[in-house]
Structure formats: C-alpha cells, structure tokens
Amino acid sequence: MGVRRSSGSGGRERREESGLTLCSSPTCGGRQSALQLHVDTQKELKHVSSSSREKMAVPRSAARLCRLAGRTVPSLSARHRRAVSLPARRCYVSTSTGSNLQFRLDERTAHSSLDLFKKDTGIIYRMLGLDPSQVQDNPERFRDWAVVFGDEKINSGRHYWEVTVKKSQEFRLGVAEASMSRDDCVGTNSSSWVFGYAQRKWFAMTSNKIVPVTLVGKPDRVGILLDYGVGLLALVDVEKPRIIHSIRAQFKAPLCPAFGLWDGELLTHSGLEEPEGLK
C-alpha cells in the first residue's frame, strides 16, 4: 500500500498509510503517542491470546483421545478441572467358548441344483440346475435333495452364525451329522436337526417329526445357536436378540452346518460373536 504525503496549514506534514493518518507536527505528538500505545496494546493482547490457545490445545487433544477410547480423563487445564465422562461404544459381548466358528459351504456336498457364490458363503437355487453327470461324482454329494453342508465339523463348544434368505418360500437351516446318509433330506432322520420355512410357516424338524414354530412374518435374516455339550440348537431373532425356539438333543457325532433350499438364494454369515443374553 502506498504512502501519500501532503502539506497543510502551519507547515504540518501528514502521512496516510494503511487507512491511518499520522501527523509529524509537534502539535500532533499527543495523538501519535496515544496511537502507538494502542498498537503496542493490540500486539500484547495478540501474544496472550496465541499463548492461551497453545495451552488449551493439549487438553482438547486429550479429550479427543478419551472420546475414542470411551474413557474418563481429567482436563489438563486449570480452568477445566472437571472430569469428562464419555459413554463406551455399544457392542455385543461374546459368550462363545474358544474362537468363533467360521465356515464356507462345501461344494463337494452340494446338490447339482445349487450354485455356490460369494466365495462359497452363499447358494442360489437353479430349477434346472446342472446335469448331474457334469458335477464331480463323490459319495459326499447330495443327489436327490437340494442340500449343502458347511465345510467345518463341530464336536464341542458353543457356536453362532446367521443366515440371510432372499426370494425363497422354502428352505431349511440347522445342523447334521457329517456322516449322515446322502439319500436323506435334512430333518427327515435322527442325524439332522433343522428349522424350516414352507407355506408361509416356520417349523422345527428332526426324525421327520415337525413342530410348529410361532414367528411373526418372515425375517430376512435369522441366527442359529449351537451348544454341542448341552445338546441345544436354537433359532435366534437377530433384531432383539432372543431365542425364538430351541431343539434339545444328544449330539454324539461331529456335526456340520446344514442348509436346504428349494427356491431363491441363501447367504451365510459365520465367524460372528454370539449376542449377549442368549441362554
């Protein structure tokens, strides 16, 4: 910004700079001193304000870390001596023993009408399916029923997984003995225990015996809880969460997650923690 000089009456010289008029005449000395005092005061206030912000930066940073950790920490500033209590992050607490069960669907067991997808965690039912002669022939495959097993065997512990079902009006979810006959469908013998859905109704099934399950509507996603040692298989409402219905049995052989599907698609979710409060 430029400086403009001008001569007025009395030989006084004026300078205009940065919007301020400065006078070099002796008669302007008092005003110049007052102005200089004002400028010095502003600099001092700016220095104090900057120092205060630096001191307050530490407690603010600490408070931010406390918020992430869900902890309670007192402020480091003398002006903020009250402790700030922040709620911990809400989460489910696992009651499972050992590591969480994680599995994929075993293609070797899948009926030819079932296509595996999403890294073998889901199945889609194809009405025509594949020509049975085009799939690998092995004794583990289901030839007559649209069934597939998970690839993990369970002989102890408490485990939980969830299943999402889309566009299906008939399916079965549960467990079966790994050595179960491939000539049977899950739920029709004493080696399998399932929860099924057909004709808009839920049911529990084993040894070909059906027990109605009272459940409002058809949720897209349900949970399965297995406690091998206790002999418990339960259908879980994942929204509450709560046990809707349970089957009691004596498990004597290694079990596999088991699924039957006659339309639509099904996606499994394993490696999950068991929701708190299920008994």
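This chain uses plain numbering: 1 for the first residue, then up along the sequence.
Clustering ILVMFWY residues whenever any of their side-chain heavy atoms sit less than 4.5 angstrom apart, transitively, puts Ile224 in the very cluster that holds Leu255. Val211 and Leu235 are members of different hydrophobic clusters when ILVMFWY side chains are connected at heavy-atom separations under 4.5 Å. Residues Ile244 and Val175 fall within the same hydrophobic cluster, defined by Ile, Leu, Val, Met, Phe, Trp and Tyr side chains chained together at heavy-atom separations under 4.5 Å. Under a hydrophobic clustering in which Ile, Leu, Val, Met, Phe, Trp and Tyr are joined whenever their side-chain heavy atoms come within less than 4.5 Å, directly or via other members, Leu261 and Leu173 fall into the same cluster. When hydrophobic clusters are built by joining Ile, Leu, Val, Met, Phe, Trp and Tyr residues whose side-chain heavy atoms come closer than 4.5 Å, directly or via intermediates, Ile247 is grouped together with Trp161.
Phe103 approaches Glu152 most closely through the heavy-atom pair CB-CG, 3.6 Å. Between Trp202 and Pro219, the shortest heavy-atom contact is NE1-CD, 4.3 Å. Among all heavy-atom pairs drawn from Phe251 and Leu226, the shortest one is CE1-CD1, 3.6 Å. Summarising the geometry of Glu170 relative to Asp263, their closest heavy-atom pair is N-OD1, 3.3 Å, with the distance given to 0.1 Å. Listed here is the closest heavy atom pair of Trp193 and Leu233: O-CD2, 3.3 Å. Shown here for Trp145 and Cys185, the closest heavy-atom pair between the two residues is CD2-CB, 3.4 Å.
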>> With ring pair (Phe, Tyr, Trp, His ring centres under 6.0 Å) as the criterion, how do Phe149 and Phe259 come out once you've worked through the C-alpha distance, each side chain's angles and the decisive distance to 0.1 Å?
In response: CA-CA 6 Å; Phe149 280 0; Phe259 309 91; 8.8 Å; no
>> Let's go through Asp106 and Lys153 carefully: what are the C-alpha distance in whole Å and the side-chain angles of both, what is the deciding distance for salt bridge (Lys or Arg N to Asp or Glu O under 4.0 Å) to 0.1 Å, and is it a yes or a no?
In response: CA-CA 11 Å; Asp106 188 351; Lys153 295 180 181 179; over 6 Å; no
> Could you walk me through whether Glu265 and Lys167 pass the salt bridge (Lys or Arg N to Asp or Glu O under 4.0 Å) check?
Replying inline: CA-CA 7 Å; Glu265 61 185 70; Lys167 302 177 183 179; 5.7 Å; no
>> Run the salt bridge (Lys or Arg N to Asp or Glu O under 4.0 Å) test on Asp151 and Arg104 for me, step by step, so that the C-alpha distance in whole Å, both residues' side-chain angles and the decisive distance to 0.1 Å come before the verdict.
In response: CA-CA 6 Å; Asp151 63 359; Arg104 294 186 179 184; over 6 Å; no
>> Run Ile123 and His111 through side chain to side chain contact (heavy atoms under 4.5 Å, CB included) and show every step you take.
In response: CA-CA 10 Å; Ile123 48 173; His111 185 265; over 6 Å; no
> Step by step, would you call Asn189 with Ser192 a side-chain hydrogen bond (donor to acceptor under 3.5 Å, both in side chains)?
Replying inline: CA-CA 6 Å; Asn189 55 29; Ser192 56; 2.8 Å; yes
> Taking it one step at a time, do Leu225 and Glu274 satisfy side chain to side chain contact (heavy atoms under 4.5 Å, CB included)?
Replying inline: CA-CA 8 Å; Leu225 175 66; Glu274 176 191 332; 3.7 Å; yes
> Could you walk me through whether Leu266 and Thr164 pass the side chain to side chain contact (heavy atoms under 4.5 Å, CB included) check?
Replying inline: CA-CA 6 Å; Leu266 178 154; Thr164 298; over 6 Å; no
>> Walk me through whether Glu162 and Tyr160 qualify under side-chain hydrogen bond (donor to acceptor under 3.5 Å, both in side chains).
In response: CA-CA 7 Å; Glu162 294 179 357; Tyr160 176 80; 2.5 Å; yes
> Hey, mind stepping through Glu107 and Arg141 against salt bridge (Lys or Arg N to Asp or Glu O under 4.0 Å) and telling me if it holds?
Replying inline: CA-CA 8 Å; Glu107 192 278 333; Arg141 189 178 305 281; 3.5 Å; yes
>> Between Lys118 and Leu267, is the side chain to side chain contact (heavy atoms under 4.5 Å, CB included) condition met? List the steps.
In response: CA-CA 8 Å; Lys118 205 164 185 179; Leu267 183 64; 4.0 Å; yes
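With hydrogens and angles ignored, the 3.5 Å screen pairs no side-chain donor or acceptor of Arg248 with any backbone N or O of Leu232. Between the side chain of Thr109 and the backbone N or O of Val148, no donor-acceptor pair lies under 3.5 Å. In this structure, the side chain of Ser168 does not engage the main chain of Val165 through any donor-acceptor pair within 3.5 Å. Panel note: side chain Ser207, backbone Lys209; no donor-acceptor pair is recorded below 3.5 Å.
Within the model, atoms CZ of Phe195 and OG1 of Thr206 stand 10.5 Å from one another, a figure rounded to the nearest 0.5 Å. For the atom pair CG of Asp237 and CZ of Arg242, the computed distance is 5.0 Å after rounding to the nearest 0.5 Å. Here the straight-line distance linking atom CD1 of Ile154 with atom CG of Leu101 works out to 4.5 Å at 0.5 Å rounding. Distance check, rounded to the nearest 0.5 Å: NZ of Lys252 to CG of Asn155 gives 16.0 Å. Between Ser191 atom OG and Met180 atom CE the span is 7.0 Å, to the nearest 0.5 Å.
Counting only heavy atoms from C-beta outward, the side chains of Gln169 and Gln199 never approach each other to under 4.5 Å. Put simply, the side chain of Leu105 does not reach to within 4.5 Å of the side chain of Thr121, judged on heavy atoms. Counting heavy atoms from C-beta outward, Glu273 and Asn100 have side chains that approach closer than 4.5 Å. The shortest side-chain heavy-atom distance between Arg172 and Met205 falls under the 4.5 Å cut-off. Considering only heavy atoms from C-beta on, Arg143 comes within 4.5 Å of Asp137 through its side chain.
Between Thr188 and Asn208, the side chains place no donor N or O within less than 3.5 Å of an acceptor N or O (distance only, hydrogens not considered).
Enclosure of atom CZ in Arg108 is not indicated, since only 12 or fewer non-hydrogen atoms of other residues, nucleotides or ligands lie within 6.0 angstrom.
Partner Phe171 forms a ring-ring contact (aromatic ring centres under 6.0 Å, His included) with one of Trp262, Tyr125, Tyr197 and no other, that one being Tyr197.
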